[in-house]
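Take a look at the structure below.
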Amino acid sequence: MRKSLYAMKLEEIMETLKLEKKYQARIVRDNLVKGVTEFSKMTSLSKKDRERLAYDAMTSSVIEHQESASTVKLAIRLSDGMVIECVRLSDGKDRYTACLSSQVGCAMGCAFCKTGTMGLRRNLEPGEIIEQFVHLEKLGERISHVVFMGMGEPLNNFTSVMEAIHSLHDPEQFNISYRKITISTSGFVPGINKLTELELPIKLAVSLVTADDDKRNRIMRINRTYPLSELKKALISFQRHENKRITLEYCMLKDYNTGKEDAEKLRKFMSGMDALVNLIPWNPVEGMTFKSPDENEIKAFSNELKRLNINYSIRREKGRDISGACGQLASKIE
Ligand code: SAH
Ligand code: SF4
């Protein structure tokens with residue numbers, strides 16, 4: 001399995017490509033960051049090196065491209081044949097967001113999520129995470145924001161995700177500020193604590209789904225190990241450092257987590273926390289018995305949140321038609 005040059009230090013690039021000088025590795029890296037991945041096209045390399053390295057540096061390739069109004073979803077084949085997905089979202093203006101996968105599949109097995117049905121196949125390498133970003137930028141627009149909301153639990157692949165973020169942030173590489181990078185977690189408390197210790201202004205989103213322990217236990221296994229009280233403690237201490245607003249993703253499941261008591265429990269969970277609730281009406285996944293809430297149910301619940309002075313937004317699904325929406329990512333082609 002060839003290792004991706006992305007997210008490598010210059011010394012590693014030198015060693016891997018048998019380059020003699022650091023400046024040559026820098027030429028290679030600058031080209032890679034710009035999306036020039038064939039060595040033959042890296043014109044500032046010597047002719048000898050260009051001929052010696054007559055291949056494409058990408059270790060992954062796009063095998064499927066699906067597009068809807070504001071969303072592009074790519075299926076990407078990794079060097080070992082496994083397939084992951086990533087998505088580019090646009091806000092209709094000039095903001096393009098890359099939604100990246102951190103793992104092939106996911107070990108968490110949340111009952112409402114398609115990725116969860118796959119189980120964990122393997123972690124992604126830092127370079128494989130960056131290559132998703134590069135494939136998405138090759139679509140032609142400069143990407144300004146990154147969210148780890150694709151396949152996998154990013155905090156369960158902490159080191160690789162942080163290495164990828166380092167390279168996305170590095171002003172000599174992709175130059176994306178930490179504030180424009182969001183990690184989404186199902187609530188893996190040790191990972192949140194590790195992130196807190198790094199004291200970086202990276203944003204955090206948590207897939208809360210419900211603020212009722214019993215209900216959460218039933219649909220998110222992680223809650224049996226890290227219940228809401230521990231999750232809350234970790235979030236508050238994360239926030240203490242940078243005072244960063246946390247997003248609580250609330251996947252709305254019809255008649256399950258949208259009642260008045262659910263709103264009240266949410267209010268309690270959020271007390272002492274600066275957080276925004278992002279309501280995501282459940283996107284249908286074949287074979288699952290949950291249902292999407294209808295407009296009335298969405299309205300009633302959001303009115304209840306308003307009444308309780310909870311800040312919220314509603315995520316109108318982009319890309320549902322191409323299964324590029326949340327929780328619908330699972331590789332079918334293998
Ligand atoms: N594993 C991380 C990152 C993946 S993000 C996490 O769970 O946070 C995936 C997001 O999509 C999560 O917020 C999850 O709650 C949401 N989600 C999963 N399945 C969904 C579905 N079928 N419809 C809508 N949202 C879903
Ligand atoms: Fe994994 Fe997140 Fe899906 Fe849960 S919601 S199974 S943690 S990807």
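Whatever order the structure lists ligands and atoms in, that order sets their numbers, starting from 1.
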Point to revise | Residue pairs involving residues 143-168 (criterion ring-ring contact (aromatic ring centres under 6.0 Å, His included); sequence neighbours excluded) | key: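 Counting only pairs at least two positions apart or across chains, no ring-ring contact (aromatic ring centres under 6.0 Å, His included) contact touches residues 143-168.
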Review point. What pairs meet the ring-ring contact (aromatic ring centres under 6.0 Å, His included) rule with one or both residues in residues 67-107, with sequence neighbours excluded?
Key: none
Check your understanding: Can you list the steps and then say if Val83 with Val104 is a side chain to side chain contact (heavy atoms under 4.5 Å, CB included)?
Key -> CA-CA 7 Å; Val83 178; Val104 188; over 6 Å; no
Check your understanding: For Tyr256, is the NZ or CZ atom of Lys215 found under 6.0 angstrom from the centre of its six-membered ring and inside 45 degrees of the ring axis?
Key -> yes
Check your understanding: Under the 6.0 Å and 45° cation-pi test, does Lys254 pair with Phe290?
Key -> no
Review point. Can you check whether Asp274's main-chain N or O pairs, donor with acceptor, with Gln239's side chain at less than 3.5 Å?
Key: yes
**Study point:** N/O donor-acceptor pair under 3.5 Å between Ser271 side chain and Lys268 backbone
**Key:**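 Yes; judged by distance alone, with no hydrogens or angles, the pair exists.
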Just jot down the ligand 1 atoms closer than 4.0 angstrom to any heavy atom of [X], in number order.
X      : answer
Met149 : 4 (C), 5 (S), 9 (C)
Val285 : 22 (N)
Thr185 : 6 (C), 8 (O)
Phe148 : 3 (C)

Exercise for review: Step by step, work out the side chain to side chain contact (heavy atoms under 4.5 Å, CB included) result for Glu153 and Ser186.
Suggested key: CA-CA 7 Å; Glu153 167 53 55; Ser186 56; 2.9 Å; yes
Exercise for review: Give a yes or no on whether Cys110 keeps an N, O or S atom under 2.8 Å from atom 1 (Fe) of ligand 2.
Suggested key: no
I need the atoms of ligand 2 closer than 4.0 Å to a non-hydrogen atom of [X], numbered in the order shown.
X      : result
Cys106 : 1 (Fe), 6 (S), 7 (S), 8 (S)
Ser186 : 7 (S)
Gly116 : 6 (S)

Review point. Phe290 near ligand 1, heavy-atom distance under 4.0 Å?
Key: no
Point to revise | Cys106 heavy atom under 4.0 Å from ligand 1 | key: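 It does not, in that no heavy atom of Cys106 comes within the 4.0 Å cut-off of ligand 1.
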Review point. For the residue pair Arg50 and Met42, what are the closest heavy atoms and their distance?
Key: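 So the two residues come closest at CD-O, 3.5 Å.
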Review point. Would you call Glu249-Arg315 a salt bridge at under 4.0 Å N-O?
Key: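 Arg315 and Glu249: salt-bridged.
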Review point. Which is closest to atom 4 (C) of ligand 1 by heavy-atom distance: Ser207, Gly150, Cys110, Gly116?
Key: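 Heavy atom nearest to atom 4 (C) of ligand 1 belongs to Gly150.
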Review point. With only distance considered, is Gly152 within less than 3.5 Å of ligand 1 through an N or O on each side?
Key: yes
Check your understanding: So, is Glu249 polar-close to ligand 1, with some N/O to N/O distance under 3.5 Å?
Key ->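 Yes - when backbone and side-chain N and O of Glu249 are compared with those of ligand 1, one distance drops under 3.5 Å.
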Point to revise | Part of Ser184 within contact of ligand 1 (heavy atoms, under 4.0 Å) | key: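 Near ligand 1, Ser184 shows its backbone as well as its side chain.
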**Study point:** Side chain, backbone, both or neither: Phe112 near ligand 1, heavy atoms under 4.0 Å
**Key:**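 Both backbone and side chain.
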